[in-house]
Novice: 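Take a look at this one; I'll ask things after.
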Amino acid sequence: MAIMSIMLHNFIHLDKFGFARENEMEYHLSRTQVFFDHIINANSILSVMGDIISFVGWFGVPVFVFFSGYGLATKYGDKFASNFDKKDYLKHSYLKLLLLILPAAIFFILFRAAIGDWQRIVEILFSFTFLNSLFSGIIIKLHYAAPPFWYFSLTFQLYIIWLLLRNLSNRRLVIVGGAFLLFQMIFNPEYFGQKPISYMHYNFIAWMPLFVAGILTSKVKNDETLESNINVYSVLTMIVSIVAIFIINYNFYSWTLMPFVSVLFFYTLGRLLYSIKSIRKVGVWIGSISSYIFVAHPIAQ
């Protein structure tokens, strides 16, 4: 569900369609106002759906950040107590990302070569370090093979950050996550402009609270499964999260909590849809190829 939300958003938010723009890497109150104006004055259900997907469709991204923390802590947590080779871990993590992105990146390199855009090719090659976002806007304006591929740089940064967090107690993890959340709240775009908050969202800084939440969640013992019966609290939680996704865009400080609301929404919606057998089969299949969908969809775009 998260990957399909991201894919649809990346198509529909293009300027040529004229739908409301999102508050993803930057926060603009005016974009929230435009979105609600579009909804109020919409002349068709298709127009409403287009504006919704364009405005909040990106909120599938936090799900993958959350699962990065959850997955790393689940997969490697016990191994850190014994002999663990950090170099092998980083090598494996890097190659996993590189091999995933490489086929699509080669396509974009050949495309740029065909039109003689050699500077962009150099920038694409540098993006294979998966650390290029750290330098974007500071040394030189850097580009990726395709706009959505900024996420690979973020992912590799989180893989590195995991090495620094692996031995922290739950209490210290909470402190780290809370500190990063408060830090980004300091840089209200109204006073500091959009660049600081944009830089944080292209890099690990803005995502640390959610990444830490994923790590902490992996330590919670829970025998409940998605096959469990859906109760009224799950449905109410999903409804509240849906409303919150839109309302919190009216304020910068509440907007910084958007990633948590996103994860809550997809979790509750996932439980609901998983209980429907026909939808579950399709959803599980799409989920199994979600990484390939993410890499391939910019080619069609």
Novice: Please report the shortest heavy-atom distance between Gly193 and Pro196, naming the atom on each side.
Specialist: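 Where Gly193 meets Pro196 most closely, the heavy atoms are O-CD, 3.7 Å.
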
Novice: Which donor-acceptor pairs under 3.5 Å do the side chains of residues 94-104 make with protein atoms, sequence neighbours left out?
Specialist:
{"residue": "Tyr94", "atom": "OH", "partner": "Phe128", "partner atom": "O", "Å": "2.8"}
{"residue": "Lys96", "atom": "NZ", "partner": "Tyr159", "partner atom": "OH", "Å": "3.2"}

Novice: Under a 4.5 Å cut-off applied to non-hydrogen side-chain atoms, are Ser93 and Trp162 in contact?
Specialist: no

Novice: Restricting to pairs with a member in residues 35-50, which pass salt bridge (Lys or Arg N to Asp or Glu O under 4.0 Å), not counting sequence neighbours?
Specialist: none

Novice: How many angstroms lie between CG in Asp51 and CD in Glu22, if you round to the nearest 0.5 Å?
Specialist: 12.0 Å

Novice: If you link I, L, V, M, F, W and Y whenever their side-chain heavy atoms are under 4.5 Å apart, who else ends up in the same group as Leu264?
Specialist: none

Novice: Compute the centroid of each ring, for Tyr144 and then for Trp150, and state whether the two points are separated by less than 6.0 Å.
Specialist: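 No.
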
Novice: For residues 100-110, which residue pairs qualify under side chain to side chain donor-acceptor pair (under 3.5 Å), counting only residues two or more places apart or in two chains?
Specialist: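 Every candidate side chain to side chain donor-acceptor pair (under 3.5 Å) pair involving residues 100-110 fails, so no pair, neighbours aside, qualifies.
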
Novice: Taking all atoms of both residues into account, what is the closest heavy-atom pair of Leu168 and Leu164, and its distance?
Specialist: CG-O, 4.2 Å

Novice: Looking at Ile121 and Ile109, what are the two nearest heavy atoms and their distance?
Specialist: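 Closest approach of Ile121 to Ile109: CD1-O, 3.8 Å.
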
Novice: Going hydrophobic residue to hydrophobic residue with side-chain gaps under 4.5 angstrom, can you get from Val34 over to Tyr27?
Specialist: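 Not linked; separate clusters.
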
Novice: Return the set of residues passing ring pair (Phe, Tyr, Trp, His ring centres under 6.0 Å) with Phe183 (not counting sequence neighbours), or none when no residue passes.
Specialist: Phe187

Novice: Look at the side-chain heavy atoms of Ile, Leu, Val, Met, Phe, Trp and Tyr, link any pair under 4.5 Å apart, and say whether Tyr292 and Val295 land in one connected group.
Specialist: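 As far as the 4.5 Å side-chain criterion goes, Val295 and Tyr292 are connected within one cluster.
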
Novice: Okay, side chain of Asn203, backbone of Leu134: is any donor-acceptor separation there less than 3.5 Å?
Specialist: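 Yes.
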
Novice: Contact between Phe126 and Thr129 at the side-chain level, heavy atoms closer than 4.5 Å - yes or no?
Specialist: yes

Novice: Can you tell me how far the CZ atom of Arg166 sits from the NZ atom of Lys86, to the nearest 0.5 Å?
Specialist: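 Separation between the atoms: 4.0 Å.
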
Novice: If I compare all heavy atoms of Leu131 with all of Phe156, which pair ends up nearest, and what's the gap?
Specialist: CD2-CD2, 4.0 Å

Novice: To the nearest 0.5 Å, what is the distance between NE2 on His13 and CD on Glu24?
Specialist: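 So the gap between those two atoms works out to 8.0 Å.
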
Novice: Measure the spacing between OG of Ser44 and CE of Met49 and express it to the nearest 0.5 Å.
Specialist: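 The CE atom of Met49 is 11.0 Å from OG of Ser44, to the nearest 0.5 Å.
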
Novice: Which pairs would a plain distance check flag for residues 52-72, meaning a side-chain donor or acceptor within less than 3.5 Å of a matching protein atom at least two apart in sequence or in another chain?
Specialist:
{"residue": "Ser54", "atom": "OG", "partner": "Ala20", "partner atom": "O", "Å": "2.5"}
{"residue": "Trp58", "atom": "NE1", "partner": "Phe55", "partner atom": "O", "Å": "3.4"}
{"residue": "Ser68", "atom": "OG", "partner": "Phe64", "partner atom": "O", "Å": "2.9"}

Novice: Kindly give the heavy-atom pair with the smallest separation between Ile12 and Gly50, and that separation in Å.
Specialist: CG2-O, 3.4 Å

Novice: Show me the donor-acceptor pairs within less than 3.5 Å that the side chains of residues 238-253 make with the rest of the protein, sequence neighbours left out.
Specialist:
{"residue": "Ser241", "atom": "OG", "partner": "Thr237", "partner atom": "O", "Å": "3.2"}
{"residue": "Ser241", "atom": "OG", "partner": "Met238", "partner atom": "O", "Å": "2.7"}
{"residue": "Asn249", "atom": "OD1", "partner": "Asn23", "partner atom": "ND2", "Å": "3.3"}
{"residue": "Asn249", "atom": "ND2", "partner": "Ile245", "partner atom": "O", "Å": "2.7"}
{"residue": "Asn251", "atom": "OD1", "partner": "Tyr253", "partner atom": "N", "Å": "2.8"}
{"residue": "Asn251", "atom": "OD1", "partner": "Ser254", "partner atom": "N", "Å": "3.2"}
{"residue": "Tyr253", "atom": "OH", "partner": "Asn188", "partner atom": "ND2", "Å": "3.1"}

Novice: What distance separates Ile6 CD1 from Met1 CE, expressed to the nearest 0.5 Å?
Specialist: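 The distance works out to 12.0 Å.
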
Novice: Look only at the side chain of Glu26 and the backbone of Gln194, and say whether a donor-acceptor pair between them is shorter than 3.5 Å.
Specialist: no

Novice: Which residues satisfy the side-chain contact (heavy atoms from CB on, under 4.5 Å) test with Lys281, sequence neighbours excluded?
Specialist: Lys277

Novice: Arg21 versus Asp15: any side-chain heavy-atom pair under 4.5 Å?
Specialist: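 A side-chain contact under 4.5 Å exists here.
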
Novice: Linking I/L/V/M/F/W/Y whenever their side-chain heavy atoms sit closer than 4.5 Å, directly or via other members, would Ile175 and Phe204 fall into one cluster?
Specialist: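 Unlinked, Ile175 and Phe204 end up in two clusters.
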
Novice: In terms of hydrophobic clustering (I, L, V, M, F, W, Y; side-chain heavy atoms under 4.5 Å; direct or indirect links), are Leu14 and Phe19 co-clustered?
Specialist: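 Same cluster.
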
Novice: So for atom CZ, which belongs to Phe17, do other residues, nucleotides or ligands contribute more than 12 heavy atoms lying within a distance under 6.0 Å?
Specialist: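 Yes - once you tally the heavy atoms of other residues, nucleotides and ligands closer than 6.0 Å, there are more than 12.
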
Novice: Working to the nearest 0.5 angstrom, can you tell me the gap between Ser153 OG and Phe135 CZ?
Specialist: 9.5 Å

Novice: Name all pairs fulfilling the salt bridge (Lys or Arg N to Asp or Glu O under 4.0 Å) condition that reach into residues 189-208, sequence neighbours left out, sorted by first residue then second.
Specialist: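 Sorted pair list comes back empty.
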
Novice: Are Trp285 and Ser288 close enough that some pair of their side-chain heavy atoms sits under 4.5 Å apart?
Specialist: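 Touching, per the 4.5 Å side-chain cut-off.
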
Novice: Going by the rule salt bridge (charged side-chain N to carboxylate O under 4.0 Å, His left out), which residues pair with Asp88 if we only count those two or more places apart in sequence or in a different chain?
Specialist: none

Novice: Please write out which residues are connected to Ile115 in a hydrophobic cluster, directly or through intermediates, given that two of Ile, Leu, Val, Met, Phe, Trp, Tyr count as joined at side-chain heavy-atom separations below 4.5 angstrom.
Specialist: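 Hydrophobic cluster check, Ile115: joined to Phe111.
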
Novice: In terms of hydrophobic clustering (I, L, V, M, F, W, Y; side-chain heavy atoms under 4.5 Å; direct or indirect links), are Leu110 and Val122 co-clustered?
Specialist: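 No, it is not one cluster - the side chains of Leu110 and Val122 are not joined through contacts under 4.5 Å.
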
Novice: Which pairs would a plain distance check flag for residues 207-216, meaning a side-chain donor or acceptor within less than 3.5 Å of a matching protein atom at least two apart in sequence or in another chain?
Specialist:
{"residue": "Trp207", "atom": "NE1", "partner": "His201", "partner atom": "O", "Å": "2.8"}

Novice: Using side chain to side chain contact (heavy atoms under 4.5 Å, CB included), reason through Asn132 and Phe149 one step at a time and then give a plain yes or no.
Specialist: CA-CA 11 Å; Asn132 52 314; Phe149 291 172; over 6 Å; no

